[in-house]
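One structure is given here, and the rest of the page talks about it.
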Amino acid sequence: MLAMAELTNEFSWSRSRDSTFQECRRQYYYRYYGSWGGWSAEADPAVRRLYILKQLSSRQQWAGRVVHDAIELALHGLRDGRAIPVEPFIRDVIEGMRGDWRSSKAGRYRELPKTAALFEHEYNVDIKKEAWQAISNNVAACLRNFFRLPLLATIRRTAPEHWSIEHWSKMFDFEGTQVWIAPDFGFWTEDGRLALVDWKTGGGAPGGASFQLGCYALYAADLLKVPPKQVDLLEVNLREPVVTAITWDDDRLEEIREQLRLSIRAMKAYLADPEANVAMESNFELTEDLRLCRWCNFRAVCRPELA
Ligand code: SF4
């Protein structure tokens with residue numbers, strides 16, 4: 001195995017990388033270049049600082065991740081034939097959140113950046129107790145809805161050895177670039193179709209994430225060799241809960257390919273050395289939209305005057 005120090009920062013594409021790039025070039029630089037190597041406590045303090053800031057999540061992002069992780073855990077249990085008592089399961093999840101909250105509040109993440117790190121704690125955002133309570137209520141509601149979904153009953157009628165939880169690759173080669181695209185869950189329906197599922201915990205119109213779903217169609221086509229006409233893309237809004245099914249076709253798949261190509265090309269055009277994936281900070285401009293800075297993880301380093 002390679003030692004950490006021998007890792008090289010190789011260019012790869014992901015949906016979140018694309019959104020960061022669209023939002024603010026400097027933020028993109030910090031996230032994918034400036035913080036590189038900061039996992040080591042011995043890293044240059046400026047790099048280490050960026051790395052720690054990079055780990056911060058807003059309370060909503062945190063809640064979303066908690067729900068995703070809990071669903072993954074539940075599906076593992078169901079796959080192994082275990083019964084999951086819903087309320088005790090949810091109680092454990094909420095208990096875990098309390099532990100994470102306390103750890104973040106105490107700033108443990110500054111020593112151990114992979115532990116819970118909330119933006120609100122790092123930046124002393126005053127959040128009322130009720131607002132934190134609303135976050136955990138939302139997590140509990142999403143999980144309760146998950147267990148009641150007719151879709152879950154449908155999934156459970158299919159063969160678990162064909163479920164994808166983590167054993168389908170999340171990365172594949174797209175025209176020479178590694179792309180990270182993977183649905184949250186996938187299974188083969190009883191009538192032989194491939195269903196790819198995206199769990200959503202926030203608001204937003206159904207189908208709003210169509211680029212993301214299109215990327216899943218690409219994932220199905222290029223990695224699993226399943227053509228769009230045989231794929232159902234399911235966006236599950238766990239808050240309502242509402243399941244929106246979307247189908248894709250070859251023409252729209254080509255549009256996704258083109259969008260991906262453009263995105264990769266735009267990112268590479270910013271590099272000092274695209275071959276070696278080397279970036280220079282000064283090439284990455286700061287956004288002019290200060291509203292984005294307010295909620296940016298890197299504000300303390302980039303625009304400390306906004307504190
Ligand atoms: S503080 Fe503003 S300009 Fe700086 S990285 Fe964040 S969003 Fe970009």
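Both counts, for ligands and for their atoms, begin at 1 and track the order of listing. As the structure is a prediction and not an experimental result, all values here were calculated from the model.
Side-chain contact of Asp289 with Thr287: a donor-acceptor pair under 3.5 Å is absent, judged by distance alone. Looking only at atom types and distance, the side chain of Arg17 has no donor-acceptor partner in the side chain of Tyr32 under 3.5 Å away. Between the side chains of Thr158 and Trp163, at least one donor-acceptor pair of N or O atoms lies under 3.5 Å. At a cut-off of 3.5 Å, with distance as the only test, no side-chain donor of Tyr33 or Glu281 sits close to an acceptor on the other residue.
When ring centroids are compared, Trp13 and Trp180 stay outside the 6.0 Å threshold.
Sequence neighbours left out, not one pair with a member in residues 296-307 passes side-chain hydrogen bond (donor to acceptor under 3.5 Å, both in side chains).
Of all protein atoms, those that are N, O or S and lie under 2.8 Å from atom 6 (Fe) of ligand 1 total 1.
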